2 protein chains.
Amino acid sequence: MKKRVPTINCCTPLAGSSLSESDAVELERLFRVMADRHRLKILNILLRAAGQPVCVCEFTDQLRLAQPTVSYHLKQLRDAGLLDREKRGTFAYFRVRPEAMERLHALVEPAALARAS
Amino acid sequence: MKKRVPTINCCTPLAGSSLSESDAVELERLFRVMADRHRLKILNILLRAAGQPVCVCEFTDQLRLAQPTVSYHLKQLRDAGLLDREKRGTFAYFRVRPEAMERLHALVEPAALARAS
């Protein structure tokens, strides 16, 4: 398995200094991870859980998807640095990394426009 | 051409109430528009212009892409409701819609996590 910096830690904000080719590629990767209805629902469920860990079994129930599919989406989100995973007995539990969501929020902050107004 | 509400106006925030199927589909569409290195560079250029309109010719220069390719990407961003377009003589000028960037920023606000801490 490749060891790489989680995507969420990659880049200058969109409204920041000139976006380099490598930053643009990393941001593209991050938004690709976000650009999936099932992963968005997973994030929504986790954000609504307000930091409490959510069992993988809850996603299969709520999303009406098979566990391998849910696990695939959870892996995409984890590889991007958006989620933490914890084993409890036979089940895995997930939660959003608060610092990752803060980072995502900061990446799309319309700072330059705000400074101009 | 289909007439539809710009994608950016679609949805409850990611950390808001339970994400419906239709909201998840619209958010997926929005993040797909963002998930492209060239469109991210276009947004970066426009955000750095701090609300000043930028000529289509500047994108072709800075992105080293042919004008039809640039126009395709600009159309994707416009259809999502992220950009405004203005004709001046023979050239088209573009700027980011400040309310659209505010909306994007709000869509990924980690509000539920913030309330929990």
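Chain letters run A, B, ... following the sequence lines, proteins first and then strands; every chain starts at 1. Model, not experiment: these values are computed from the prediction.
To the nearest 0.5 angstrom, B:L27 atom CG is 11.5 Å from A:D36 atom CG. To the nearest 0.5 Å, atom CD of residue B:E109 and atom CD of residue A:E102 are 8.5 Å apart. Expressed to the nearest 0.5 Å, how far CG of A:L63 lies from CD of B:E21 amounts to 9.0 Å. For the atom pair CZ of A:R32 and CZ of B:R32, the computed distance is 11.0 Å after rounding to the nearest 0.5 Å.
Proximity to chain A is absent for every atom of B:Q62, based on heavy atoms less than 4.5 angstrom apart. Interface remark: B:S18 contributes backbone and side-chain atoms alike to the contact with chain A (heavy atom separation under 4.5 Å).
Closest non-hydrogen pair, B:K41 versus A:S20, comes out as CE-O, 4.3 Å. In terms of heavy atoms, A:A35 sits closest to B:E28 at O-CG, 3.6 Å.
Environment of CZ in B:R64: sparse, with no more than 12 heavy atoms of neighbouring residues, nucleotides or ligands closer than 6.0 Å.
Both B:F91 and B:I45 are members of a single hydrophobic cluster when ILVMFWY side chains are connected at heavy-atom separations under 4.5 Å.
Annotation: maximal heavy-atom pairing with chain A below 4.5 Å, among B:D23, B:L104, B:V108, B:N44, occurs at B:N44.
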